[in-house]
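Structure, as structure tokens:
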Amino acid sequence: MSFEFFIGGRYLRAKQKQAFISLITYLSIAGVAVGVMALIVVIAVMSGFEADLKARILGGQAQAILMRHTGPFTESAEVLRQVESVSGVEAATPFILTQIMLRSTASITGAVLRGVDPATVGSVLKTLAQVSLPEGRPPGEGDGAAASMPGIVLGKELAKNLGVVVGDVVQLISPRGMLSPVGHVPSMKQFKVTGYFESGMYEYDQTFAYINLHDAQRLLKMGDAVSGIEIRVTDIYQAREVADAVLSRLGPGYYARDWMQLNRNLFKALKLERRVMFIILTLIVLVAAFNIASSLIMMVMGKTKDIAILKAMGATERSIRKIFVLNGMVIGTIGTGLGFILGMGVCSLLKRYNIHELTGDIYYFTTQLPVKVEVLDVAAIVIAALVICFLATIYPARQAARLNPVEAIRYG
């Protein structure tokens, strides 16, 4: 063991004459520990929010959407065949999208109506994989009877707002109606509620309603046209590249948007909040680092004679600096280690126990507090804390190394 480590260890183990210096040392350790713990917990919760939100969005939304600049198009079968032949496309399905009003005996509300193909939609939208969408029926006599009504699948929160259950009848009002002598009359049709879907995203569950693609075409008088094609890709982070490959296959006239473009503002806001929170909570570690610097400065003042004797015996300035840097780094390392242990413990408790239930009308989804500990985040927090603690030791160690041994012994 080098004498710098030996002396530095003796200084840390020995009782300080001034109890105040020991108190500052303990407060420094506690400050670093609290700062590191808070950083780990907050960043883990924010990472959990982002990951959970991403999973829920991708469960209820296609990873890429293909549409035509001129609006709905009729050659959907050929477009679908070409899209599915592109490398990286896992599944694709046609859809129709429009805004409607839904009226029940208890309430009326606006909704977003999606006409989908029951045979293929489950492979693209995972939230509908277990939902049985009814087959579209051709119009004919008896359509008004409840048994032969076309079916509709509602989001759980939307059904709750309408006050309906499976088997109830709702009236769908579309703004695409017809002209009459009294003006524009919206089209209305009765649908039977055949099921619910629950994505976990409050925005989706209170907004979307699904019917068969053929029923949507008849309701909106679109013939064989569809609004676009929804695409699921094998690698979600290659969605933009796959969308570009689809566009190059189809030629001009089409455009595509991937899930990152559709939710750009949301994920940018989450990343910004995460960075700002990291900076703010790092200030806790910075305050603790000032305590480390104060503790070392007082230690230098108390060890003036010792430093002078060491320098008189041949210790170099580099050795003196090393002693006090070692002391400060030991304090910082102990605090960082305790903060790491406490932070991981709190994260484990948050994962295991539902401490706080999130409400859908405030947050995007309803679930317990999501927590995701990422190795790179924890490593960045630990390294940042140790770097701050190291920087805090530089000034006191430099002052100790610059002491004049003659003056220190004479006036010490």
Side-chain angles (χ1 to χ4, degrees), residues 4-5 7-48 274-303 321-353 355-356 369 371-400:
E4 294 97 337
F5 282 89
I7 294 175
R10 288 293 300 270
Y11 281 173
L12 285 173
R13 291 193 301 269
K15 281 190 175 183
Q16 301 286 346
K17 293 180 181 179
Q18 297 90 354
F20 185 63
I21 299 177
S22 298
L23 178 62
I24 292 179
T25 302
Y26 294 138
L27 290 177
S28 303
I29 294 174
V32 173
V34 170
V36 171
M37 179 192 71
L39 268 170
I40 290 175
V41 173
V42 170
I43 298 301
V45 170
M46 297 193 76
S47 298
R274 190 174 169 185
R275 289 172 184 171
V276 171
M277 196 61 67
F278 183 90
I279 294 171
I280 292 174
L281 292 177
T282 303
L283 296 178
I284 299 176
V285 182
L286 192 60
V287 171
F290 285 133
N291 284 339
I292 293 175
S294 301
S295 176
L296 290 178
I297 289 171
M298 291 186 178
M299 186 181 293
V300 169
M301 294 172 63
K303 302 293 183 181
R321 279 198 303 269
K322 192 174 179 181
I323 291 171
F324 289 95
V325 168
L326 171 67
N327 284 355
M329 288 306 296
V330 168
I331 295 171
T333 302
I334 293 173
T336 302
L338 287 175
F340 172 79
I341 295 170
L342 291 174
M344 298 301 290
V346 172
C347 289
S348 298
L349 290 176
L350 291 176
K351 282 183 179 179
R352 182 172 297 181
Y353 302 105
I355 296 176
H356 182 67
L369 200 64
V371 178
K372 182 182 179 183
V373 179
E374 295 185 351
V375 176
L376 290 178
D377 289 341
V378 174
I381 291 167
V382 170
I383 291 172
L386 292 176
V387 168
I388 291 173
C389 293
F390 172 74
L391 294 176
T393 64
I394 292 176
Y395 177 77
R398 183 185 296 175
Q399 293 300 107

Which donor-acceptor pairs under 3.5 Å do side chains of residues 335-350 form with protein atoms, sequence neighbours excluded?
unit_1 : atom_1 : unit_2 : atom_2 : d
Thr336 : OG1    : Gly332 : O      : 2.7
Ser348 : OG     : Met344 : O      : 2.9

Please tabulate, for the side chains in residues 377-387, all donor-acceptor contacts under 3.5 angstrom to protein atoms that are two or more places apart in sequence or on a different chain.
unit_1 : atom_1 : unit_2 : atom_2 : d
Asp377 : OD1    : Arg274 : NH2    : 3.0
Asp377 : OD2    : Ser47  : OG     : 3.2
Asp377 : OD2    : Arg274 : NH2    : 2.3

For the student: nearest non-hydrogen atoms of Ala293 and Pro396, plus distance: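 So the minimum-distance heavy-atom pair works out to O-CG, 3.7 Å.
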In Å and rounded to the nearest 0.5 Å, what is the [atom1] to [atom2] distance from [X] to [Y]?
X      : Y      : atom1 : atom2 : result
Lys351 : Lys372 : NZ    : NZ    : 9.5 Å
Asn291 : Tyr26  : CG    : OH    : 14.5 Å
Ile292 : Ile331 : CD1   : CD1   : 6.0 Å

Qualifying side-chain hydrogen bond (donor to acceptor under 3.5 Å, both in side chains) pairs with a residue from residues 34-44, counting only residues at least two apart or across chains: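 For residues 34-44: none.
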For residues 33-44, dump all side-chain donor-acceptor pairs below 3.5 Å to protein atoms at least two apart in sequence or in another chain.
none

Could you go through residues 276-283 and list every donor-acceptor pair under 3.5 Å that involves a side-chain atom there, pairing it with any protein atom two or more places apart or in another chain?
unit_1 : atom_1 : unit_2 : atom_2 : d
Thr282 : OG1    : Phe278 : O      : 2.4

Within residues 379-397 or reaching into it, pairs that qualify as salt bridge (Lys or Arg N to Asp or Glu O under 4.0 Å) - sequence neighbours excluded: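 For residues 379-397, and leaving out neighbouring residues, there are no salt bridge (Lys or Arg N to Asp or Glu O under 4.0 Å) pairs at all.
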Beyond-backbone contact of Leu391 with Ile394, side-chain heavy atoms, under 4.5 angstrom: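 They are in side-chain contact.
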Residue pair Val287, Ile284: steps toward the side chain to side chain contact (heavy atoms under 4.5 Å, CB included) verdict: CA-CA 5 Å; Val287 171; Ile284 299 176; 5.9 Å; no
Evaluation steps, side chain to side chain contact (heavy atoms under 4.5 Å, CB included), between Thr393 and Phe324: CA-CA 7 Å; Thr393 64; Phe324 289 95; over 6 Å; no
